[in-house]
Protein chains: 2
Amino acid sequence: MGRKRTQSGEARLTEVAKLAGVSPITASRFFRNPEALSVSKRARVESAAKELGYVPNLAARALASQRSEVIGVMIPSLTNNVFSDVLRGIYDVSQGSRYSIQLVNTRYSILQEEKLLRLFQAQKPAGLIVTGINQTAESRAVMQAMNCPIVQIMEIGPEPVDMMVGFSHYDASVAAISHLLTQGHTRIGFLGARMDPRVQRRFDGYRDAMKAAGLLDQRLIVTTPVPTSVTMGGTLFADLLTRVPDIDAVFCVNDDLALGVLFECERRQISVPESMAIVGFNDLEFMASAVPSLTSVRTNRYEMGRHAVTMVTEAIDDRRPANPVIDLGFELMIRQSSLAKGA
Amino acid sequence: MGRKRTQSGEARLTEVAKLAGVSPITASRFFRNPEALSVSKRARVESAAKELGYVPNLAARALASQRSEVIGVMIPSLTNNVFSDVLRGIYDVSQGSRYSIQLVNTRYSILQEEKLLRLFQAQKPAGLIVTGINQTAESRAVMQAMNCPIVQIMEIGPEPVDMMVGFSHYDASVAAISHLLTQGHTRIGFLGARMDPRVQRRFDGYRDAMKAAGLLDQRLIVTTPVPTSVTMGGTLFADLLTRVPDIDAVFCVNDDLALGVLFECERRQISVPESMAIVGFNDLEFMASAVPSLTSVRTNRYEMGRHAVTMVTEAIDDRRPANPVIDLGFELMIRQSSLAKGA
DNA sequence: ACGAATATTGACAGCGCTACCAATGGATTG
DNA sequence: CAATCCATTGGTAGCGCTGTCAATATTCGT
């Protein structure tokens, strides 16, 4: 009798159409564009689908339409807290829509990103969300050929592949250093880990602000390509103190490092902020409740995730933003750890 | 001329077959089971596929075979750090295999879990990884009907749907309380947030251990259904102190709460561990580097994620574990925060 | 050498749905 | 009233791949 069919109890669109007394293509139209049907047929199809518990076969749909309702999401880390809120925004918006999310981990490797982009290309996603703006030329070419809306997240730059939502890590860093300079700090250390492109941009902001103030000193800079952690913050800070015992503030490229610095100050009985100011980046949840509370650059990660999905789905509906680049900005959350004694 | 076809530049299996001089079904067999081909045809197909840059159309494959190479993963939270390492394990193993991961967020709602299970059922995944053991009867029925390997993660219990990998939250909690009792603590508070089934199990362990020691006192227990956070830890602890000023230790159902308690002790100048012992749960990365270092129950989340995918893929290959339930155990990481003065 | 068993290969049909074009009916306009 | 336009609907074909069955070639055993 031929091929294996869907399991008994699983309704096909043809059965919905038969029960509703319409052709299969009309039933199909109901799900794509209900307004294309007359009111009476719309009701009949809806009722039939509900009665039969119809769930579309997504593979059949994708094959026949040469499209899918999958939005690919590529992030560089699953364990870096920074992406948790972004993902929450992405999933929160997508779970209210017809689109599903296909998440992949590039592990901070641009070659892995390239490879995964090719896999996505073959799957014809409805849209794509990629992290950062430093794709290889090959990756950009693949994306250009993909014929779907693409949103680069986490930062903004001059040449969007398609659309971007993010903020300037450079400006955020300049703002943090400016704040420390305003508070009278002159020996401001820089702690960096992983040194991915966005961390590099934060370094650029640090360097330029310190240079402009005539205070740049290479010995103040400690970085590692190793992934970040709270423990790493303590280690890098200890290294910095050994090298430059007279530092009076430290800018950490993320909050894990900042928390590690705080712990290390406690171990060494260095008074914060009186003897050492601490500034972090991303304003993770614990920064406000630490003792003392920790200053950090707040980044709108959840909103970024939401925007990304919304931009993709609206572009699919031919409702693209007037400006393809959305700058969500940042906010320097000044707390106890970076306020001068008299403040 | 008919339907829109794959874009120019994208090879179809039929083209690979033509170039290799075999039939399409032989070319198809090459990808599924290369040993089914003669050595010479195997080489020809491989060469043709490489030359044409063939990437399979997964929708066509899924439709024709009534199967897919997708493993569904359902977790209750994207922002709870506990799941980050699990996901990393899941993605690390799956990215070395032919399977891709379809991740969904149940938001700690068993009804949402039910709904998402039905969507997965329609997609015929190759396997499924679900969190916890408290599925509704409806959810269990859907899973039973799914005809694919299923792994429940995060905890173990007496009735696996199919397979399980986790540990006993109850036993872990008993071990933590026993340790505090051994250290001489008698007024041991319990801080709980969210109160999902696994947290409930930790509470059960706490209650039973305290009851067995004749020390159970309802006033020592502070819980909230609100999601957990570091700030929440401080709040719940303040609440507990107001209610029972003579507590000498506190068991927190997760490390965020424990860090919040530590900060609150600092604010109130409560000496840790001398006046207040603190124990957390899950042993997140920062626990070891806090000041003082914080005791916590270590759970093998990364390995759990790895095991889950491996169990699914091996079951697909008819290599099921001898025992469908894998207990990864836990380890009480005793650190400064819970050691008596003299230890 | 012959027959049986096994390995290899291909033809046919179709998985569930939708793109595209054509047909029909109803509404509007001249 | 007739012509035109628009909305609604359906028929045909097929998207890319694989399940199934049959045919053919090769290997093994007697």
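Letters go in sequence order (proteins before strands), and every chain restarts at 1. Worth saying up front: this structure is predicted, and the values here are computed from it rather than measured.
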query = Checking B:Asn80 side chain against B:Val82 main chain: does a donor-acceptor pair fall under 3.5 Å?
reply = yes
Length of the line joining [X]:[atom1] and [N]:[atom2], which is rounded to integer Å:
X       : N      : atom1 : atom2 : result
A:Asn57 : C:dC17 : CG    : C1'   : 8 Å
B:Asn33 : C:dT9  : CG    : P     : 12 Å
A:Glu69 : C:dG16 : CD    : P     : 19 Å
B:Gln66 : C:dC17 : CD    : P     : 10 Å
A:Arg61 : C:dG16 : CZ    : C1'   : 11 Å
B:Lys18 : D:dG16 : NZ    : P     : 15 Å
B:Glu15 : D:dG16 : CD    : P     : 9 Å
B:Arg67 : D:dC17 : CZ    : C1'   : 12 Å

request  = For residues 39-60 of chain A, pull every pair meeting salt bridge (Lys or Arg N to Asp or Glu O under 4.0 Å), keeping only residues two or more places apart or in separate chains.
outcome  = none
Taking atom types as modelled and ignoring hydrogens, do the side chains of [X] and [Y] form a donor-acceptor contact shorter than 3.5 angstrom?
X        : Y        : result
B:Gln152 : B:Gln135 : yes
B:Gln123 : B:Gln102 : no
B:Ser139 : B:Glu113 : no

Between the protein and nucleotides 8-12 of chain D, are there any N/O to N/O pairs under 3.5 Å, and if so, what are the atom names and distances?
from	atom 1	to	atom 2	distance (Å)
D:dT9	OP1	A:Ser38	OG	2.8
D:dT9	OP2	A:Ser38	N	2.9
D:dT9	O3'	A:Lys41	NZ	3.3
D:dG10	OP2	A:Ser23	N	3.1
D:dG10	OP2	A:Ser23	OG	3.2
D:dG10	OP2	A:Thr26	OG1	2.7
D:dG10	N7	A:Arg29	NH1	3.4
D:dG10	O6	A:Arg29	NH2	2.7

key: Shortest non-hydrogen contact between B:Val104 and B:Phe120, atoms and distance   =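 Smallest interatomic distance, heavy atoms only, reads CG2-CE1, 3.6 Å.
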message = Please classify the nucleic acid contact of B:Phe30 as base, sugar-phosphate, or nothing, using heavy-atom distances under 4.0 Å.
response = nothing
